[in-house]
**Q** 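Take a look at this one; I'll ask things after.
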Amino acid sequence: MKAIILDMFGVILKQTGEEFYSYVQQDFPALTRQEIYEVWDRADMGEISSLEIWPQLGYGGDIEKREKAFLDTLEVSDGFYDFASGARERHYKLAVLSNDSSRWSAYIREKFDLNRYFDVIHISGDLKMKKPEPRIFELTARRLGMAAQDCLYVDDRRKNLGAAQAVGMDAVLFNSRHVSYDGKTVENFRKLTELLGMGGS
(Lines give C-alpha, C1' and ligand atoms only; values in the text may rest on other atoms or scores of the structure.)
Protein backbone atom coordinates (compact mmCIF):
# COMPACT_ATOMS: atom_id res chain seq x y z
CA MET A 1 0.00 0.00 0.00
CA LYS A 2 1.50 3.29 -1.15
CA ALA A 3 -1.45 5.68 -1.16
CA ILE A 4 -4.39 6.40 1.13
CA ILE A 5 -7.60 7.85 -0.29
CA LEU A 6 -10.02 9.36 2.23
CA ASP A 7 -13.68 10.29 1.98
CA MET A 8 -14.61 13.70 3.38
CA PHE A 9 -18.03 13.58 5.09
CA GLY A 10 -18.17 11.02 7.88
CA VAL A 11 -14.41 10.45 7.74
CA ILE A 12 -12.35 13.66 7.64
CA LEU A 13 -15.37 15.67 8.78
CA LYS A 14 -17.91 14.99 11.48
CA GLN A 15 -21.38 16.48 11.71
CA THR A 16 -22.05 18.33 14.97
CA GLY A 17 -25.52 19.53 13.95
CA GLU A 18 -28.30 18.16 11.79
CA GLU A 19 -27.77 16.17 8.61
CA PHE A 20 -28.60 18.28 5.55
CA TYR A 21 -32.03 16.79 4.91
CA SER A 22 -33.18 17.18 8.52
CA TYR A 23 -31.68 20.69 8.64
CA VAL A 24 -33.89 21.63 5.67
CA GLN A 25 -36.93 19.82 7.08
CA GLN A 26 -36.83 22.04 10.17
CA ASP A 27 -38.01 24.86 7.91
CA PHE A 28 -39.82 22.81 5.25
CA PRO A 29 -41.24 19.70 6.94
CA ALA A 30 -43.33 18.80 3.89
CA LEU A 31 -40.21 18.19 1.79
CA THR A 32 -39.21 14.54 1.67
CA ARG A 33 -35.63 13.35 2.04
CA GLN A 34 -35.69 12.28 -1.61
CA GLU A 35 -36.86 15.71 -2.79
CA ILE A 36 -34.10 17.42 -0.80
CA TYR A 37 -31.34 15.14 -2.01
CA GLU A 38 -32.45 15.34 -5.63
CA VAL A 39 -31.51 19.02 -5.55
CA TRP A 40 -28.34 18.43 -3.53
CA ASP A 41 -27.23 15.70 -5.95
CA ARG A 42 -27.37 18.16 -8.83
CA ALA A 43 -24.86 20.37 -7.01
CA ASP A 44 -22.72 17.31 -6.22
CA MET A 45 -22.57 16.59 -9.95
CA GLY A 46 -21.63 20.17 -10.81
CA GLU A 47 -24.90 20.80 -12.65
CA ILE A 48 -25.80 23.74 -10.40
CA SER A 49 -23.95 25.89 -7.85
CA SER A 50 -24.56 25.11 -4.20
CA LEU A 51 -26.07 28.60 -3.93
CA GLU A 52 -28.86 27.39 -6.21
CA ILE A 53 -29.78 24.57 -3.81
CA TRP A 54 -31.38 26.82 -1.24
CA PRO A 55 -33.88 28.79 -3.38
CA GLN A 56 -34.86 25.58 -5.17
CA LEU A 57 -35.79 24.16 -1.77
CA GLY A 58 -37.80 27.27 -0.89
CA TYR A 59 -35.35 29.51 0.95
CA GLY A 60 -35.15 33.25 0.42
CA GLY A 61 -33.09 36.01 1.98
CA ASP A 62 -29.32 35.86 2.47
CA ILE A 63 -28.47 32.52 0.85
CA GLU A 64 -24.71 32.77 1.50
CA LYS A 65 -25.40 33.31 5.22
CA ARG A 66 -27.77 30.34 5.26
CA GLU A 67 -25.19 28.13 3.54
CA LYS A 68 -22.40 29.17 5.90
CA ALA A 69 -24.62 28.50 8.93
CA PHE A 70 -25.05 24.91 7.81
CA LEU A 71 -21.43 24.31 6.81
CA ASP A 72 -20.20 25.70 10.12
CA THR A 73 -21.83 22.76 11.92
CA LEU A 74 -19.07 20.57 10.44
CA GLU A 75 -15.83 19.93 12.30
CA VAL A 76 -12.68 17.97 11.54
CA SER A 77 -12.73 14.48 13.05
CA ASP A 78 -10.52 13.89 16.06
CA GLY A 79 -7.06 12.72 15.13
CA PHE A 80 -7.18 13.61 11.44
CA TYR A 81 -4.31 16.10 11.47
CA ASP A 82 -2.00 13.74 13.35
CA PHE A 83 -2.94 10.90 11.02
CA ALA A 84 -2.35 12.94 7.88
CA SER A 85 0.97 14.29 9.14
CA GLY A 86 2.11 10.80 10.12
CA ALA A 87 1.13 9.37 6.74
CA ARG A 88 3.08 12.03 4.90
CA GLU A 89 6.11 11.48 7.13
CA ARG A 90 5.98 7.83 6.08
CA HIS A 91 5.85 8.91 2.42
CA TYR A 92 2.35 7.72 1.72
CA LYS A 93 0.55 9.71 -0.93
CA LEU A 94 -2.78 11.07 0.24
CA ALA A 95 -5.93 11.89 -1.70
CA VAL A 96 -9.41 13.07 -0.78
CA LEU A 97 -12.30 11.72 -2.83
CA SER A 98 -15.59 13.38 -1.95
CA ASN A 99 -19.12 13.64 -3.28
CA ASP A 100 -19.67 17.35 -2.75
CA SER A 101 -20.38 20.60 -4.51
CA SER A 102 -17.35 22.55 -5.65
CA ARG A 103 -18.25 25.56 -3.51
CA TRP A 104 -18.94 23.65 -0.30
CA SER A 105 -15.75 21.66 -0.59
CA ALA A 106 -13.60 24.70 -1.30
CA TYR A 107 -15.03 26.52 1.73
CA ILE A 108 -14.48 23.58 4.07
CA ARG A 109 -10.97 22.83 2.84
CA GLU A 110 -9.89 26.45 3.21
CA LYS A 111 -11.52 26.83 6.62
CA PHE A 112 -9.75 23.79 8.05
CA ASP A 113 -6.49 24.15 6.07
CA LEU A 114 -6.91 20.72 4.50
CA ASN A 115 -5.45 21.26 1.03
CA ARG A 116 -1.83 21.06 2.15
CA TYR A 117 -2.19 17.44 3.26
CA PHE A 118 -3.28 16.00 -0.08
CA ASP A 119 -1.47 15.14 -3.29
CA VAL A 120 -4.80 14.78 -5.13
CA ILE A 121 -8.16 16.41 -4.36
CA HIS A 122 -11.08 14.97 -6.29
CA ILE A 123 -14.50 16.52 -5.74
CA SER A 124 -17.51 15.23 -7.63
CA GLY A 125 -18.76 18.74 -8.39
CA ASP A 126 -15.46 19.49 -10.14
CA LEU A 127 -15.23 16.17 -11.97
CA LYS A 128 -18.92 15.89 -12.96
CA MET A 129 -19.00 12.30 -11.72
CA LYS A 130 -19.45 10.84 -8.27
CA LYS A 131 -19.00 7.75 -6.16
CA PRO A 132 -19.72 4.87 -6.49
CA GLU A 133 -18.96 5.25 -10.20
CA PRO A 134 -15.88 3.06 -10.85
CA ARG A 135 -14.06 5.55 -13.08
CA ILE A 136 -13.78 8.14 -10.29
CA PHE A 137 -11.72 5.64 -8.29
CA GLU A 138 -9.65 4.71 -11.32
CA LEU A 139 -8.99 8.38 -12.10
CA THR A 140 -7.91 9.06 -8.52
CA ALA A 141 -5.39 6.21 -8.56
CA ARG A 142 -4.07 7.37 -11.93
CA ARG A 143 -3.65 10.95 -10.73
CA LEU A 144 -1.72 9.62 -7.74
CA GLY A 145 0.56 7.76 -10.13
CA MET A 146 -0.50 4.46 -8.59
CA ALA A 147 -2.11 1.23 -9.60
CA ALA A 148 -5.44 0.67 -7.87
CA GLN A 149 -3.85 -2.26 -6.01
CA ASP A 150 -1.42 0.18 -4.35
CA CYS A 151 -4.28 2.25 -2.86
CA LEU A 152 -6.27 1.98 0.35
CA TYR A 153 -9.70 3.59 0.29
CA VAL A 154 -11.43 4.74 3.51
CA ASP A 155 -15.13 5.67 3.56
CA ASP A 156 -18.12 5.52 5.91
CA ARG A 157 -20.43 4.24 3.12
CA ARG A 158 -20.31 0.53 2.33
CA LYS A 159 -21.42 0.92 -1.29
CA ASN A 160 -18.42 3.17 -1.96
CA LEU A 161 -16.06 0.64 -0.40
CA GLY A 162 -17.49 -2.04 -2.66
CA ALA A 163 -16.91 0.14 -5.72
CA ALA A 164 -13.30 0.79 -4.69
CA GLN A 165 -12.69 -2.92 -4.15
CA ALA A 166 -14.20 -3.70 -7.55
CA VAL A 167 -11.43 -1.69 -9.26
CA GLY A 168 -8.74 -3.39 -7.13
CA MET A 169 -8.30 -1.15 -4.09
CA ASP A 170 -8.10 -2.31 -0.51
CA ALA A 171 -10.86 -0.78 1.63
CA VAL A 172 -11.58 0.13 5.24
CA LEU A 173 -14.92 1.18 6.71
CA PHE A 174 -14.62 4.31 8.88
CA ASN A 175 -17.57 3.31 11.02
CA SER A 176 -18.81 6.70 12.19
CA ARG A 177 -22.37 5.60 11.39
CA HIS A 178 -22.16 2.39 13.49
CA VAL A 179 -23.24 -0.07 10.81
CA SER A 180 -22.43 -3.76 10.37
CA TYR A 181 -19.66 -4.65 7.93
CA ASP A 182 -17.75 -7.86 7.32
CA GLY A 183 -14.51 -6.23 6.17
CA LYS A 184 -11.86 -4.09 7.80
CA THR A 185 -13.40 -1.55 10.16
CA VAL A 186 -12.12 1.32 12.31
CA GLU A 187 -14.02 3.78 14.49
CA ASN A 188 -11.61 6.71 14.40
CA PHE A 189 -8.24 7.89 13.11
CA ARG A 190 -6.40 6.44 16.07
CA LYS A 191 -7.69 2.99 15.14
CA LEU A 192 -6.83 3.59 11.48
CA THR A 193 -3.29 4.54 12.52
CA GLU A 194 -3.02 1.29 14.46
CA LEU A 195 -4.46 -0.78 11.61
CA LEU A 196 -1.85 0.59 9.22
CA GLY A 197 0.99 0.10 11.69
CA MET A 198 1.74 3.82 11.79
CA GLY A 199 1.82 4.16 15.55
CA GLY A 200 5.56 3.70 16.03
CA SER A 201 8.32 6.14 15.26
**Q** Any heavy-atom pair between the side chains of Arg142 and Leu139 that's under 4.5 Å?
**A** yes

**Q** Is there a side-chain contact between Ile108 and Phe9 (heavy atoms, below 4.5 Å)?
**A** yes

**Q** State plainly whether the residues Glu64 and Arg103 are in salt-bridge range, i.e. N to O under 4.0 Å.
**A** yes

**Q** Can you confirm whether Gln34 is buried at CD, in the sense that more than 12 heavy atoms of other residues, nucleotides or ligands lie under 6.0 Å from that atom?
**A** no

**Q** Can you name the residues that form a side-chain contact (heavy atoms from CB on, under 4.5 Å) with Met1, not counting sequence neighbours?
**A** Ile4, Tyr92, Leu152, Leu196

**Q** May I ask you to test the Glu67-Ile53 pair for a side-chain heavy-atom distance under 4.5 Å?
**A** no

**Q** Does any non-hydrogen side-chain atom of Lys14 lie less than 4.5 Å from one of Asp78?
**A** yes

**Q** Return the minimal non-hydrogen interatomic distance between Val24 and Leu31, and the atom names on each side.
**A** CG1-CD1, 4.0 Å

**Q** Please find the pair of heavy atoms, one from Lys131 and one from Ser98, that lie closest to each other, and give the distance.
**A** NZ-CA, 4.1 Å

**Q** Roughly how far apart are Gln149 CD and Lys2 NZ, rounded to 0.5 Å?
**A** 11.0 Å

**Q** Considering residues at least two apart in sequence or located in another chain, which fulfil the side-chain contact (heavy atoms from CB on, under 4.5 Å) criterion with Asp156?
**A** Asp7, Val11, Ser176, Arg177

**Q** Apply salt bridge (charged side-chain N to carboxylate O under 4.0 Å, His left out) to Arg157 and list each qualifying residue two or more places apart in sequence or on a separate chain.
**A** none

**Q** Once rounded to the nearest 0.5 Å, what's the spacing between atom CH2 of Trp40 and atom CZ of Arg33?
**A** 9.5 Å

**Q** Mind checking what makes ring-ring contact (aromatic ring centres under 6.0 Å, His included) contact with Phe70, not counting sequence neighbours?
**A** Phe20, Tyr23, Trp104

**Q** Is there side-chain contact between Ile48 and Val39, with heavy atoms separated by less than 4.5 Å?
**A** yes

**Q** Heavy-atom count around Asp113 CG within 6.0 Å, excluding the residue itself: above 12?
**A** yes

**Q** Just to verify, what does Thr193 make a side-chain contact (heavy atoms from CB on, under 4.5 Å) with, not counting sequence neighbours?
**A** Phe83, Met198

**Q** Checking the side chain of Ser77 only, and the main-chain atoms of Ile12 only, is there a donor and an acceptor separated by less than 3.5 Å?
**A** yes

**Q** Report yes if the distance between the aromatic ring centroids of Tyr117 and Phe80 is under 6.0 Å, otherwise no.
**A** yes

**Q** Distance from Met129 atom CE to Ile136 atom CD1, nearest 0.5 Å?
**A** 5.5 Å

**Q** Working to the nearest 0.5 Å, report the span between CG of Leu173 and CG of Asp155.
**A** 8.0 Å

**Q** For the OG atom of Ser105 and the CG atom of Asn115, what is their distance to the nearest 0.5 Å?
**A** 8.0 Å

**Q** Does Arg88 form a salt bridge (Lys or Arg N to Asp or Glu O under 4.0 Å) with Asp119? I'd like the steps, not just the answer.
**A** CA-CA 10 Å; Arg88 293 189 67 85; Asp119 300 285; 3.6 Å; yes

**Q** Partners of Asp150 by salt bridge (charged side-chain N to carboxylate O under 4.0 Å, His left out), sequence neighbours excluded?
**A** none

**Q** With a 4.5 Å cut-off on side-chain heavy atoms, are Val96 and Leu114 touching?
**A** no

**Q** For Lys111, does the NZ atom have more than 12 heavy-atom neighbours from other residues, nucleotides or ligands under 6.0 Å away?
**A** yes

**Q** Output yes when a side-chain donor or acceptor of Asn160 lies under 3.5 Å from a complementary backbone atom of Ala164, and no otherwise.
**A** no

**Q** I want to check something: taking the side chain as every heavy atom from C-beta on, are Phe189 and Phe174 in contact at a cut-off of under 4.5 Å?
**A** yes

**Q** Answer yes or no: are there more than 12 heavy-atom neighbours, outside Lys128 itself, under 6.0 Å from its atom NZ?
**A** yes

**Q** Looking only at heavy atoms, what is the nearest atom pair of Pro132 and Ala163, with distance?
**A** O-CB, 3.3 Å

**Q** Is there a side-chain contact between Leu13 and Glu75 (heavy atoms, below 4.5 Å)?
**A** no

**Q** Taking all heavy atoms of Val172 and all of Leu161, pick out the closest pair and write down the distance.
**A** O-CD2, 3.4 Å

**Q** If you measure from CD on Gln56 to CD on Glu35, what distance do you get to the nearest 0.5 Å?
**A** 12.5 Å

**Q** Under 4.0 Å between a Lys/Arg side-chain N and an Asp/Glu carboxylate O for Asp100 and Arg109?
**A** no

